[in-house]
Each structure stands twice: as structure tokens, then as C-alpha cells.
There are 2 protein chains.
Amino acid sequence: MHVSPNVETRPFRKLCADHGLAATHQRQVLYEVMQTMPGHPSPEEVYARVKKRIPAISLATVYKNIHLFVERGVLKEVSMHHGSLRVELNSHLHHHMVCSHCKAITDIEEKDLGVLPTLQRLPGGFQVERYAIDVIGICAACQKAKRG
Amino acid sequence: MHVSPNVETRPFRKLCADHGLAATHQRQVLYEVMQTMPGHPSPEEVYARVKKRIPAISLATVYKNIHLFVERGVLKEVSMHHGSLRVELNSHLHHHMVCSHCKAITDIEEKDLGVLPTLQRLPGGFQVERYAIDVIGICAACQKAKRG
DNA sequence: TTGACGAACAATAATAATTATCGTTTACTA
DNA sequence: TAGTAAACGATAATTATTATTGTTCGTCAA
Ligand SMILES: [Mn+2]
Ligand SMILES: [Mn+2]
Ligand SMILES: [Zn+2]
Ligand SMILES: [Zn+2]
């Protein structure tokens with residue numbers, strides 16, 4: 001009797017191939033661990049879980065691969081993380097365009113967004129204060145830079 | 001001839017009174033400096049500006065007062081800053097409710113939001129990838145805690 | 001299957017961001 | 001104007017993230 005090898009591994013290998021990534025053991029475990037984490041974990045939390053299966057893994061490896069997965073669209077970043085807190089005084093109702101490449105933040109009027117947020121009572125009795133809409137994409141400067 | 005004192009100071013003192021804050025010199029300068037910063041500065045950037053007018057100010061004071069101003073609604077936080085990067089695998093189109101008190105993040109379906117962003121070409125030739133909508137407010141647990 | 005080679009890894013140092021501590025000063029109130 | 005709590009400055013500590021470097025591993029062609 002013969003069993004084809006890598007049965008459970010195949011989908012992950014394909015995912016890596018599709019994204020131009022080497023299929024390493026660390027990446028596979030990171031990916032599998034993320035599948036079991038339905039919330040919005042931090043790199044440290046992911047590291048703690050991965051470490052259970054690969055005790056020798058380095059935190060730096062987790063960070064690098066999380067960034068890589070986000071870059072390639074395997075993982076998604078919750079809200080936009082700018083490395084540090086950002087504040088503004090501008091009390092005029094507006095939202096933001098955030099460049100996923102250079103992280104530049106630009107104001108945008110609500111009316112220019114084509115959205116009409118209806119303040120309402122949301123699931124779980126969540127009491128709404130305001131909406132913060134981030135339009136994520138590529139700014140004009142980065143578009144130009146990518147071409148030539 | 002007599003000139004009433006604190007002429008320029010009055011609006012700031014009122015702002016503090018309205019928010020239950022002591023009207024300190026440091027807070028006044030921080031507030032005035034923010035009025036001249038139209039972008040989305042980090043605490044370090046604010047500190048650099050304030051330091052020009054109060055060379056002896058401590059970075060910790062800037063941090064503390066920025067947090068205080070955000071808490072009282074004088075300043076607004078751009079995007080939601082969770083202290084660390086947060087990621088998720090969930091590729092299903094959805095958004096988030098974020099508690100401004102405990103910072104808990106909960107998923108919410110786009111259809112439950114009552115907002116319909118229309119993907120379009122935005123000002124400045126910004127190329128849209130996706131919308132990330134954070135509904136900011138108070139979660140049920142924190143509402144309960146605040147009452148009794 | 002094997003060997004060369006570049007990519008990825010672990011260990012760890014370094015840096016950046018934020019918070020805590022504590023002695024001193026200041027603003028508010030009576 | 002004095003008492004008191006709050007705020008401040010200095011700085012240590014903590015937390016988050018990135019850089020460096022020598023070693024190991026995955027890929028691909030023979
Ligand atoms: Mn803005
Ligand atoms: Mn989510
Ligand atoms: Zn950009
Ligand atoms: Zn809460």
C-alpha cells in the first residue's frame with residue numbers, strides 16, 4: 001500500500017508557489033497557527049503559539065514572515081499601524097487615505113468618499129461614537145515610483 | 001489705561017474648564033502647537049515643536065497630555081493604534097468595531113454597517129485597494145462597567 | 001539523488017516607542 | 001495667601017520592532 005507524500009502539505013506549498021515564497025517549515029506552522037486564531041493577534045501572540053510547535057523559532061522570523069505575508073496579501077493588517085500614535089486637532093468630519101506602500105496619510109472629505117454612514121445601534125449593543133474610514137491603496141507618488 | 005489680563009488665554013482656559021483639566025502652560029502650548037500642525041503628527045513630532053517654546057518640557061508630559069486630550073475628545077486619534085501590529089487571516093470582507101476604552105476589536109459584516117463605500121477613483125489619483133472601516137465606540141462590557 | 005547557491009533562519013544586539021517612578025513644582029480652592 | 005492634589009521633569013524601565021551576522025535549509029539544475 002502506498003500513500004502519496006505531502007497530502008496535507010500541498011495547499012500550503014501551492015500558496016507559497018503562488019506568492020513566490022519558499023515553502024519553509026516555519027512559514028507553514030505560522031500559516032497553520034493563524035488559521036486557528038480567529039481574532040486579531042499581535043506578532044507576540046502569534047509567536048507564543050508558533051513556539052509551541054517550533055520551540056527554537058526566533059521572534060524575528062515571526063515578524064519577518066508576518067510582514068511578508070501581509071505584503072503578499074496572505075494576511076491582512078487590522079487598522080493601519082503607523083509605528084507610532086498619530087493625532088490631529090482637525091475636528092471637521094473627515095476620513096483618511098493611507099498609502100499601503102509609504103504609509104502617507106491624507107485627509108478626505110466624507111462626501112468625496114461616496115459613503116453614507118448611518119449611526120445606529122450595532123451588534124452586541126456596541127455604542128457608536130464615530131466611524132473612521134481608512135481608504136487603503138497606493139498614493140500617486142508611489143504609483144509613479146513603481147513604474148519608472 | 002487698563003487692559004484685561006489673559007485676553008488670548010481665555011478660550012484655552014475655557015476649553016480646560018469644559019473638560020475638567022487644569023490649565024497649565026504646557027497644555028496651552030501643546031494645544032496651540034497642534035493648531036499649527038495640519039497633518040497627522042506623532043508624539044515625537046509634537047514634542048519637537050513644543051520644545052521650541054518650552055525647552056525644558058519632558059517627553060513624558062507630551063505623551064501624557066496627548067493621551068489626556070484624546071481621552072477628553074480635544075484631539076483625535078488617526079486610525080486606531082493598538083500598541084502593536086494586529087493581523088488576521090480572515091479573508092472574508094468585513095470591518096471592525098473598536099472599543100475606545102479597552103481597545104477590543106470585534107468583526108462586523110459590511111452589510112450590518114449601513115455604509116456602502118463605492119470604490120472609485122479618489123482625489124490625487126489615489127489607487128484604491130480596499131476600505132477599512134473602524135466603528136469606534138464603547139463595547140457592551142465597558143458600558144456595563146461604567147455604570148455599576 | 002545530489003551539490004551549489006541564494007534565501008531563510010536563530011541568536012542577539014540595537015533602536016524606537018511608550019510607560020512608570022519619584023522627587024519637585026504648580027494650579028486650584030478656600 | 002496657604003494647603004493640597006494634580007501636574008511636571010528627569011530618567012529608568014518596559015515593550016515593540018528592526019538590524020546584523022554566522023549557520024542552515026529549500027530550490028533547482030545536472
Ligand atoms: Mn486627518
Ligand atoms: Mn477581523
Ligand atoms: Zn505612497
Ligand atoms: Zn471596551
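Convention: sequence-line order gives letters A, B, ...; per-chain numbering from 1. Worth knowing before you read on, the calculation uses all heavy atoms, side chains too, and leaves out hydrogens, waters and symmetry mates.
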Report task. Indicate the atoms forming the closest heavy-atom contact of Tyr31(B) with Leu89(A), along with that distance. Result ->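 Nearest heavy atoms, Tyr31(B) then Leu89(A): CE1-CD1, 3.8 Å.
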
Query raised in the report: Of the non-hydrogen atoms in Phe126(B) and Ile136(A), which two are nearest, and what is the gap between them?
Result: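 For Phe126(B) versus Ile136(A), the nearest heavy atoms are CE2-C, 3.9 Å.
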
[atom1] of [X] to [atom2] of [Y]: how many Å apart, nearest 0.5 Å?
X	Y	atom1	atom2	result
Leu21(A)	Arg72(A)	CG	CZ	5.0 Å
Leu30(A)	Arg53(A)	CG	CZ	10.5 Å
Glu77(B)	Glu71(B)	CD	CD	11.5 Å

Requested in this report: Please tell me which of Thr61(B) and Gly83(B) maps to the more 5' nucleotide of DNA chain D, matching each residue to the nucleotide holding its nearest heavy atom.
Outcome: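 The answer here is Thr61(B).
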
**Report entry** Pairwise 5' ranking along DNA chain D for Leu68(B) and Pro43(A), keeping only the more 5' one
**Finding:**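 Here Leu68(B) is the residue nearer the 5' end.
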
Query raised in the report: Do Val135(A) and Val98(A) come close enough that some side-chain heavy atom pair is under 4.5 Å?
Result: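 Contact flag for Val135(A)/Val98(A) side chains = no.
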
Query raised in the report: Do His40(A) and His82(B) have their ring centres less than 6.0 Å from each other?
Result: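 Judged by ring-centre distance (under 6.0 Å), His40(A) and His82(B) do not meet the cut-off.
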
Query raised in the report: Looking for any heavy atom pair under 4.0 Å, which part of the strands does His82(B) touch: base, sugar-phosphate only, or nothing?
Result: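 No contact at all - His82(B) keeps every heavy atom at 4.0 Å or more from the nucleic acid.
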
Requested in this report: Using a 4.0 Å heavy-atom cut-off, write out nucleotides 19-30 of chain C from 5' to 3' as B (base contacted by protein), S (sugar-phosphate only) or - (no contact).
Outcome: BB------SS--

Query - d(CZ, Phe69(A); P, dA8(C)) in whole Å - result: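 Going from Phe69(A) (CZ) to dA8(C) (P), I get 11 Å.
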
Query raised in the report: Taking any atom under 4.0 angstrom from a heavy atom of chain B, which nucleotides of DNA chain D are the first and last to qualify, 5' to 3'?
Result: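 First and last nucleotides in contact are dA7(D) to dT17(D).
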
**Report entry** Polar contact flag, side-chain donor to acceptor under 3.5 angstrom, His96(B)-Asp107(B)
**Finding:**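 Looking only at side-chain atoms, Asp107(B) and His96(B) do form a donor-acceptor pair, the distance falling under 3.5 Å.
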
